[in-house]
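Scroll down for the structure; my scribbles are underneath it.
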There are 2 protein chains.
Amino acid sequence: MCKLILNNYFHSLFPIQKEIVEKITESFCDFTLNKNTILINKDTISIKTYFLQKGYVRSYILNENNEEVTTNIYSAPCFVNDFLSFFKKQPTKEIYKTITDCYFWETDLENVQANFHNIAEFREFSRLLFVINYSKLNDRLIEMVSQKAETRYLNLLNHQPHIFQQVSLKIIASYLGVTDSTLSRIRKEISKI
Amino acid sequence: MCKLILNNYFHSLFPIQKEIVEKITESFCDFTLNKNTILINKDTISIKTYFLQKGYVRSYILNENNEEVTTNIYSAPCFVNDFLSFFKKQPTKEIYKTITDCYFWETDLENVQANFHNIAEFREFSRLLFVINYSKLNDRLIEMVSQKAETRYLNLLNHQPHIFQQVSLKIIASYLGVTDSTLSRIRKEISKI
DNA sequence: ATAAGAACTTGATAAATGACAAGAAATCAT
DNA sequence: ATGATTTCTTGTCATTTATCAAGTTCTTAT
């Protein structure tokens, strides 16, 4: 149980003394999940916060036709959270499921609260995590409304090529907001060039 | 200079003692802007945080054809912030402009920091504000990728009918992710029923 | 190794939306 | 009030993407 990667993640976002990071992560516990396993189920209250050290996770909703629409793809190292559910204790609308075998760290709200109110550096880190997540989501929204599917595909391919090694095109298609047939045709078009 | 509405907003999101709210908002200053005035310009660093007490504001980007794509519409009372710019001092990608005459309160990062680290209730409020904003943005993204334009239009009409009184269809169209011609046709179709 | 299922591709056709242009209606500045 | 500007609508046609169905390839469980 080595917390090196977890601790480094805190450092990488906001400069914090080693001893303080160790105090923050003291109560984190590790666990693994096999691929295609639910991490957080729909309509439940997420009582843990998760750090994904290894693997890929996606969140998705079921639309009116019960089709899965991928809302986010998480690639380690990163935190995986349903903010509204975790902090406001509301039922989740999305399902969070592993795409590959995964290695996680988890802790609960009680511990987050203690750190948040007692450790100034953790407060800064937490806020930064929100700012970055909000900003990424905003960028994604802008991309979805202002660029066409082919551009969005090329952006993903350029910025996160590793995703294509691990995640099926069906999931990627729904993340890009198109059907798998359309994605297949986009790839065909691009390969011609 | 009456801070009643501003103070009430804090209360409405998270229960805080009156005296503490007054302390939090002590350093907020008010100002007005005429309609169609820039609040935060593109490529600048937003050094203030804004509370919109009265009026409507929108944020938008300029796409590759220099067309305005509305990313958000803010209706009072609410906070208006470019989180990434304000907290990470990064240049904004979006322009924030008033749609109507507006009345604002503002304060700076120094004050936010003092409150954030000294007042536990403000910390909770701040985090809640992030959680709610993140969640709204996530809902909007889900709506954009999983529902068609007509449904998105009807949702906006049901949940925020007041927007249609103050905001031009051109801006609403771009917020819904369609052209103004398409929105016009959607409205025509619906009116037939 | 093999059968079953899932992932991916492809074709034909339909639906949704965009692009452009022109005209009508509303708003604004003087 | 009047002309200029902007907003909104509408027509025609093009583009993008979805839908459905069939076939191929790849994975996985036994």
Side-chain angles (χ1 to χ4, degrees), chain A residues 34-37 56 58 60 62-70 73 97-101 142-157 163-193, chain B residues 34-37 56 58 60-70 73 97-101 141-157 163-193:
Chain A
N34 291 335
K35 68 187 291 186
N36 294 321
T37 309
Y56 290 82
R58 71 184 174 118
Y60 62 93
L62 298 170
N63 70 8
E64 62 277 7
N65 302 324
N66 249 35
E67 294 154 347
E68 298 178 356
V69 179
T70 298
I73 297 173
K97 194 185 264 188
T98 59
I99 296 174
T100 61
D101 291 350
I142 291 172
E143 197 182 39
M144 293 302 283
V145 300
S146 68
Q147 286 170 353
K148 62 180 200 168
E150 184 178 316
T151 312
R152 300 201 297 272
Y153 167 76
L154 287 170
N155 285 345
L156 188 64
L157 195 58
I163 284 183
F164 290 84
Q165 312 304 313
Q166 302 291 339
V167 183
S168 73
L169 291 178
K170 190 180 167 153
I171 290 172
I172 290 173
S174 112
Y175 177 70
L176 291 172
V178 294
T179 58
D180 45 353
S181 314
T182 298
L183 179 56
S184 181
R185 291 192 177 99
I186 287 171
R187 286 161 62 84
K188 194 183 175 188
E189 269 312 302
I190 287 167
S191 69
K192 280 186 193 166
I193 304 165
Chain B
N34 291 335
K35 67 187 291 186
N36 293 322
T37 309
Y56 290 82
R58 71 183 175 119
Y60 61 94
I61 56 151
L62 299 171
N63 69 8
E64 61 276 7
N65 303 324
N66 249 36
E67 295 153 345
E68 299 179 355
V69 178
T70 297
I73 297 175
K97 193 185 264 187
T98 59
I99 295 173
T100 61
D101 292 349
L141 181 65
I142 291 171
E143 196 182 40
M144 294 302 284
V145 301
S146 68
Q147 285 169 353
K148 63 182 199 168
E150 185 177 314
T151 312
R152 300 201 297 272
Y153 167 76
L154 287 171
N155 285 345
L156 188 63
L157 195 58
I163 285 183
F164 290 84
Q165 313 302 314
Q166 302 290 339
V167 183
S168 73
L169 292 177
K170 190 180 165 152
I171 290 173
I172 290 174
S174 111
Y175 176 71
L176 292 172
V178 293
T179 59
D180 44 352
S181 315
T182 298
L183 179 56
S184 181
R185 291 193 177 99
I186 287 171
R187 284 161 62 84
K188 193 182 174 187
E189 269 312 302
I190 286 168
S191 69
K192 279 186 193 165
I193 304 163

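Residue numbers begin at 1 in each chain, while the letters A, B, ... track the order of the sequences.
- How far CD of B:Gln165 is from OG1 of B:Thr100: 13.0 Å, rounded to the nearest 0.5 Å.
- Here the side chains of B:Leu156 and B:Phe164 are in contact, with some heavy-atom distance below 4.5 Å.
- Side-chain N or O atoms of A:Thr98 include one that pairs as donor or acceptor with a backbone N or O of A:Asn36 at under 3.5 Å.
- For the residue pair B:Gln166 and B:Ile99, the shortest heavy atom distance occurs at O-CG2, 3.7 Å.
- Under the salt bridge (charged side-chain N to carboxylate O under 4.0 Å, His left out) criterion, B:Glu143 pairs with no residue, sequence neighbours left out.
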*Kindly indicate, with the supporting measurements, whether the criterion side chain to side chain contact (heavy atoms under 4.5 Å, CB included) is fulfilled by A:Ile172 and A:Ile163.*
CA-CA 9 Å; A:Ile172 290 173; A:Ile163 284 183; 4.0 Å; yes
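- Atom CD of B:Glu189 and atom P of C:dA16 are 10 Å apart (whole Å).
- Across the protein-nucleic acid pair, A:Glu150 atom CD and D:dT16 atom C1' stand 11 Å apart, rounded to whole Å.
- Among residues two or more places apart in sequence or in another chain, the salt bridge (charged side-chain N to carboxylate O under 4.0 Å, His left out) test is passed with B:Glu68 by B:Arg58.
- Nucleotides of DNA chain C nearest to B:Ile186 and B:Lys35 differ in position, and the one nearer the 5' end is that of B:Ile186.
- Distance A:Tyr153 OH to C:dC8 P: 11 Å, rounded to the nearest Å.
- At C:dA16, none of the side-chain N or O atoms of A:Lys148 fall inside 4.0 Å of OP1 or OP2 (strictly under the cut-off).
- Across the protein-nucleic acid pair, A:Asp180 atom CG and D:dA22 atom P stand 17 Å apart, rounded to whole Å.
- Taking side-chain N and O atoms only, B:Lys188 has a distance below 4.0 Å to OP1 or OP2 of D:dG11.
- Taking atom CE on B:Met144 and atom P on D:dT17, their separation rounds to 14 Å, with Å as the unit.
- Taking each heavy atom of B:Gln147 and B:Asn155 in turn, the nearest pair found is OE1-ND2, 3.3 Å.
- Judged by distance alone, with hydrogens and angles left aside, the side-chain atoms of B:Thr151 form no donor-acceptor pair with the main-chain N or O of B:Ala149 at under 3.5 Å.
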Short N/O separations, protein against nucleotides 18-20 of chain D, under 3.5 angstrom:
unit_1	atom_1	unit_2	atom_2	d
D:dA18	OP2	A:Thr179	N	3.2
D:dA18	OP2	A:Thr179	OG1	3.3
D:dA18	OP2	A:Thr182	OG1	2.6

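- Distance B:Asn36 CG to C:dC28 P: 9 Å, rounded to the nearest Å.
- A:Ser181 pairs with exactly one of A:Thr179, A:Leu183, A:Val178 by the side-chain contact (heavy atoms from CB on, under 4.5 Å) rule, that one being A:Thr179.
- What separates CZ of B:Arg187 from P of D:dC8 is a distance of 8 Å, to the nearest Å.
- Taking the screw axis at each terminus of the helix from C:dA1-D:dT30 to C:dT30-D:dA1 from five consecutive base pairs, the angle between the two is 60° to within rounding of 10 degrees.
- Near DNA chain C, meaning a heavy atom under 4.0 Å away, there are no residues from residues 164-173 of chain B.
- Formation of a donor-acceptor pair under 3.5 Å by the B:Asn34 side chain with backbone atoms of B:Asp101 is not found in this model.
- Counting to the nearest Å, the C1' atom of C:dT17 and the CG atom of B:Leu176 are 13 Å from each other.
- What you find for A:Leu176 and A:Arg152 is that their closest heavy atoms are O-NH2, 2.7 Å.
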Show me the protein contacts with nucleotides 4-6 of chain D, counting only N or O atoms at under 3.5 Å.
none

*Could you walk me through whether A:Tyr153 and A:Ile190 pass the side chain to side chain contact (heavy atoms under 4.5 Å, CB included) check?*
CA-CA 10 Å; A:Tyr153 167 76; A:Ile190 287 167; 3.5 Å; yes
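- Distance alone, capped at 3.5 Å, places no donor-acceptor pair between the B:Thr70 side chain and the B:Ser174 backbone.
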